[in-house]
Amino acid sequence: MKILVIDDDAWALEHLAKLLGDLAEVHTALGGIQGLAETARILPDLILCDIDMPDIDGLLFCRHLQADVFTKNIPILCVSSCMDEGEELAALTAGAVDVIRKPISPMLVRARVRIQIELCEKSEMLLDLSRRDPLTGIFNRRYFDGRMRDEWTRHRRMREPIAVAMVDVDHFKAFNDHYGHVRGDECLMEIADRLRHATRRPGELVARYGGEEFVMLLPGTSALAAGVFGKRVCEDVRAMKYPHARGKNGLISVSVGLATAVPDESIMISELIRRADMALYTAKKDGRDCHAVFGAG
Ligand SMILES: Nc1nc2c(ncn2[C@@H]2O[C@H](COP(=O)(O)OP(=O)(O)OP(=O)(O)O)[C@@H](O)[C@H]2O)c(=O)[nH]1
């Protein structure tokens, strides 16, 4: 948890930093301009900002942060030496979450900062929960969709290939029928864990797409590299040696369909996913426990 304290008065700055030092990692900035630079550099979780500063005042500072998508959600506690109701309202309207009065009461400042830290931690937890699949703990489809959109735009700009792998557990209905749903759930958790370990490179991601189907996002991956990846995923799951009485060779296995594209105006994300799905269908038709790359013969 990083707190940035901004004040044009060096003494007040040091006093506040000392007061909060045991609650979080405290950074300081002398004045609004330095405050903006420090915000961009460290992206703090919480900011305490004096209102009355000669370069950029606290209200303008709040508006700057509100206007930027990367900083608009950082809570700002404004510190004011003015007892004016109008200024307090202006600060709250500009985006501050609360206003602290100078001369500060150390106990009240600490209590207010603690509340904000707790709120930050709770919203971080909720954000994480909203991104995850409750059974397996890996990312869910909604998070995958968002990341895919971001990566698609980035790859389009860089004119680089991006690949998607659809991974489907083989004969899973038979697994459930034979061992029951609880064992089925346990099996999905183990497979998710194995797939998570298979995504090693930065930017790679695995998500539960639904039911017994997983999706993997592979940035900067050509068709050739996608094929190598698909083969390794099948091998990794095979190596689990997870018993499946009605599976191929008595073990759990997966089929993997992959598709790759350099994003441009001729193709949409949904088309890439459809191609990966078609490749998955090919892998199932080829006998399962194998991979297929769309368009690769
Ligand atoms: N235990 C458990 N089973 C699930 C879950 N989600 C989906 N399933 C089961 O997964 C099975 C998927 O069956 P099918 O779509 O027929 O596919 P399959 O039996 O794996 O056959 P192939 O894909 O052709 O190899 C169904 O029986 C679903 O009930 C889950 O969260 N937990």
Side-chain angles (χ1 to χ4, degrees), residues 125-148 163-199 204-218 226-260 269-297:
M125 206 176 72
L126 283 176
L127 183 68
D128 192 57
L129 274 177
S130 73
R131 291 171 165 175
R132 292 196 182 269
D133 164 52
L135 176 70
T136 59
I138 61 172
F139 291 117
N140 57 24
R141 184 171 173 168
R142 178 163 8 116
Y143 182 68
F144 166 81
D145 287 345
R147 276 285 300 278
M148 186 70 202
V164 160
M166 303 298 301
V167 181
D168 189 277
V169 186
D170 297 326
H171 301 300
F172 200 58
K173 183 176 180 317
F175 186 96
N176 275 327
D177 291 347
H178 189 82
Y179 298 98
H181 251 261
V182 174
R183 292 276 302 278
D185 284 355
E186 284 167 10
C187 178
L188 287 178
M189 286 191 253
E190 297 256 348
I191 292 172
D193 205 43
R194 187 52 68 118
L195 296 181
R196 203 164 45 78
H197 282 103
T199 49
E204 287 183 352
L205 172 105
V206 60
R208 188 162 176 213
Y209 206 60
E212 22 66 271
E213 197 170 12
F214 300 89
V215 65
M216 293 162 116
L217 165 62
L218 309 168
V228 173
F229 184 86
K231 184 166 179 283
R232 206 184 73 218
V233 167
C234 291
E235 285 165 0
D236 282 359
V237 173
R238 216 176 294 137
M240 289 167 66
K241 297 202 181 303
Y242 203 102
H244 180 352
R246 296 202 226 157
K248 201 171 170 180
N249 305 316
L251 295 174
I252 272 285
S253 63
V254 291
S255 298
V256 186
L258 304 110
T260 180
I269 295 175
S270 52
E271 175 59 17
L272 184 71
I273 292 180
R274 196 184 67 84
R275 288 178 185 179
D277 252 335
M278 284 169 70
L280 174 62
Y281 180 72
T282 304
K284 290 276 180 188
K285 221 168 40 138
D286 287 350
R288 298 177 175 80
D289 189 20
C290 63
H291 75 280
V293 181
F294 180 86

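When reading the values below, keep in mind they use all heavy atoms of this one structure, side chains included, and skip hydrogens, waters and symmetry mates. The first residue in the sequence is number 1, and the count goes up from there. Read the numbers this way: they start at 1 and go in the same order the structure lists the ligands and their atoms.
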List below, pair by pair, the N or O atoms of ligand 1 and of the protein that are less than 3.5 Å apart, including the distance to 0.1 Å; reply 'none' if no pair qualifies.
unit_1: ligand 1; atom_1: 1 (N); unit_2: Asn176; atom_2: OD1; d: 3.0
unit_1: ligand 1; atom_1: 1 (N); unit_2: His181; atom_2: O; d: 3.2
unit_1: ligand 1; atom_1: 1 (N); unit_2: His181; atom_2: ND1; d: 3.3
unit_1: ligand 1; atom_1: 1 (N); unit_2: Asp185; atom_2: N; d: 3.4
unit_1: ligand 1; atom_1: 1 (N); unit_2: Asp185; atom_2: OD1; d: 3.0
unit_1: ligand 1; atom_1: 3 (N); unit_2: Asn176; atom_2: ND2; d: 2.9
unit_1: ligand 1; atom_1: 19 (O); unit_2: Phe172; atom_2: N; d: 3.2
unit_1: ligand 1; atom_1: 19 (O); unit_2: Lys173; atom_2: N; d: 2.9
unit_1: ligand 1; atom_1: 20 (O); unit_2: Val169; atom_2: O; d: 3.1
unit_1: ligand 1; atom_1: 20 (O); unit_2: His171; atom_2: N; d: 3.3
unit_1: ligand 1; atom_1: 20 (O); unit_2: Phe172; atom_2: N; d: 2.6
unit_1: ligand 1; atom_1: 23 (O); unit_2: Asp168; atom_2: OD1; d: 3.0
unit_1: ligand 1; atom_1: 23 (O); unit_2: Lys284; atom_2: NZ; d: 2.8
unit_1: ligand 1; atom_1: 24 (O); unit_2: Arg288; atom_2: NH2; d: 2.9
unit_1: ligand 1; atom_1: 25 (O); unit_2: His171; atom_2: N; d: 2.8
unit_1: ligand 1; atom_1: 25 (O); unit_2: Lys284; atom_2: NZ; d: 3.1
unit_1: ligand 1; atom_1: 25 (O); unit_2: Arg288; atom_2: NE; d: 2.8
unit_1: ligand 1; atom_1: 31 (O); unit_2: Arg208; atom_2: NH2; d: 2.6
unit_1: ligand 1; atom_1: 32 (N); unit_2: Asp185; atom_2: OD1; d: 2.6

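Geometrically, Arg208 does not engage Phe139 in a cation-pi contact defined by less than 6.0 Å to the ring centre and at most 45° from the axis. A cation-pi contact links Arg141 to Tyr209, judged by a cut-off of 6.0 Å to the six-membered ring centre and 45° from its axis.
The minimum heavy-atom distance linking Lys248 with Arg288 is given by the pair NZ-O, 3.2 Å. The two atoms that bring Val169 and Lys284 nearest to each other are O-NZ, 3.4 Å, heavy atoms only. Looking at every heavy atom in both residues, Glu186 comes nearest to Tyr242 through C-OH, 3.9 Å.
Between the side chains of Ser253 and Asp170, a donor-acceptor pair is found at a separation under 3.5 Å.
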